Amino acid sequence: MDIIRTKSDLREIVNKALGKGQTIGLIPTMGFLHEGHLSLMRRARRENDLVIVSVFVNPTQFGPNEDLEAYPRDSEKDITLMRSVNADIAFFPDADDIYPYGYATYVQVEGAMAQTLCGRSRPIHFRGVTTIVSKLFHLAKPHRAYFGQKDAQQVAIIAKMIQDLDFDIELVVCPIIREADGLAMSSRNRYLTSRERSKAKVLSQALHSAQAKIKNGERSAAAVIQNITERIASVKPAEIDYVSVMDAVTLNDVQALRGKILIAVAVIIGRTRLIDNVQFEV
Ligand code: AMP
């Protein structure tokens, strides 16, 4: 595996691979890798000649009071894990190389899709995500890009950006990888104290019990939201940011459950903001 630190070195490798007719799979990450990230890499390994993993804690997607500085980092361990799944290229760019002095161009999906859910409490977040992902698409020139369903709103927004900006890239969405008790794996889980960690399973439990009720005939979004809200609110110290039932493609709220449905939650446990979701066809 090659460890690459500059845009120009990455471009050289990418152009060589394309010259040989190789296919490229890209996995954008912020590092502190876990099984969720590795599941994306394994899938990319099966489907492409060249697997590029980027590790970049992207400053433009963090608000002024968010955890940019505190975000966990462990590049040594990340490299070991990337090697274990046979990634070809580990791309660790510097922020100065990605956003040089005077940088001024942003990519933004307009409208409700980026303003709802996490966009409400994190108003600049998705602008940062679509900007860095566009830049990585131009640098890595992937045939396929791998993203986790864990970040369902991110997936919907990137799908929209790919469509609207005519990126010739296949978006591959991979299922959520969970801990044994159901908690969705996340680099931010390491912020949880052991007491908070044991409470955090309420997110997936509430989502899965709602899904079971829907299987048994529940069709009212309001009833589902109330049920999940009550279940999570019964756990202290859990503070609900949102519980939302939407059309999985447009992210528009729905009243009656029909078609492809996404149920998403964001909950602050102690000082850690956790997100989770389930997606299914009714
Ligand atoms: P991050 O490093 O948190 O930006 O995540 C990088 C990619 O890994 C994103 O596409 C995430 O959706 C995906 N990812 C993170 N956690 C999980 C998980 N538990 N299961 C599946 N994919 C995940």
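First listed ligand is number 1; within each ligand, the first listed atom is number 1. Residue numbers run from 1 in the order of the sequence given. In this text, all values refer to a predicted model and were calculated from it rather than measured experimentally.
- Leu117 approaches Met246 most closely through the heavy-atom pair CD1-SD, 3.4 Å.
- No hydrogens or angles considered: a donor-acceptor pair under 3.5 Å links the side chains of Thr116 and Arg120.
- Those atoms of ligand 1 with a heavy atom of His34 less than 4.0 angstrom away are 15 (C), 16 (N), 17 (C).
- The distance from ligand 1 to the heavy atoms of Asp151 drops below 4.0 Å at these ligand atoms: 11 (C), 12 (O).
- Counting heavy atoms from C-beta outward, Ile214 and Arg219 have side chains that approach closer than 4.5 Å.
- Separation of the His138 and Phe167 ring centroids falls under the 6.0 Å cut-off.
- With a heavy-atom cut-off of 4.0 Å, Pro28 touches ligand 1 through its backbone alone.
- Near Pro175, meaning under 4.0 Å from any of its heavy atoms, are these atoms of ligand 1: 20 (N), 21 (C).
- Residue Gln149 places no heavy atom under 4.0 Å from ligand 1.
- Looking only at heavy atoms of the protein, atom 20 (N) of ligand 1 is closest to Ile177 N, 2.9 Å.
- Closest approach of Asp97 and Arg5 over heavy atoms only: OD2-O, 4.1 Å.
- Under 3.5 Å, the side chains of Tyr99 and Asn58 contain a donor-acceptor pair of N or O atoms.
- For atom 5 (O) of ligand 1, the closest non-hydrogen atom of the protein is His37 NE2, 3.4 Å.
- Results of the side-chain contact (heavy atoms from CB on, under 4.5 Å) test with Ile157 over Asp151, Thr130, Ile162 single out Thr130 as the only residue that passes.
- Taking each of Glu179, Met30, Met185 in turn, the one with a heavy atom nearest to atom 19 (N) of ligand 1 proves to be Met185.
- For ligand 1, the atoms closer than 4.0 angstrom to any heavy atom of Phe147 are 10 (O).
- Heavy-atom proximity to atom 13 (C) of ligand 1, evaluated over Ala184, Ser187, Gly148, Ala152, is greatest for Gly148.
- Less than 4.0 angstrom separates some heavy atom of Leu40 from each of these atoms of ligand 1: 7 (C), 8 (O), 10 (O), 13 (C), 22 (N).
- In summary, Asp67 and Arg188 engage in a salt bridge, as defined by a charged side-chain N under 4.0 Å from a carboxylate O.
- Remark: ligand 1 atoms within the under-4.0 Å shell around heavy atoms of Ile176 are 20 (N), 21 (C).
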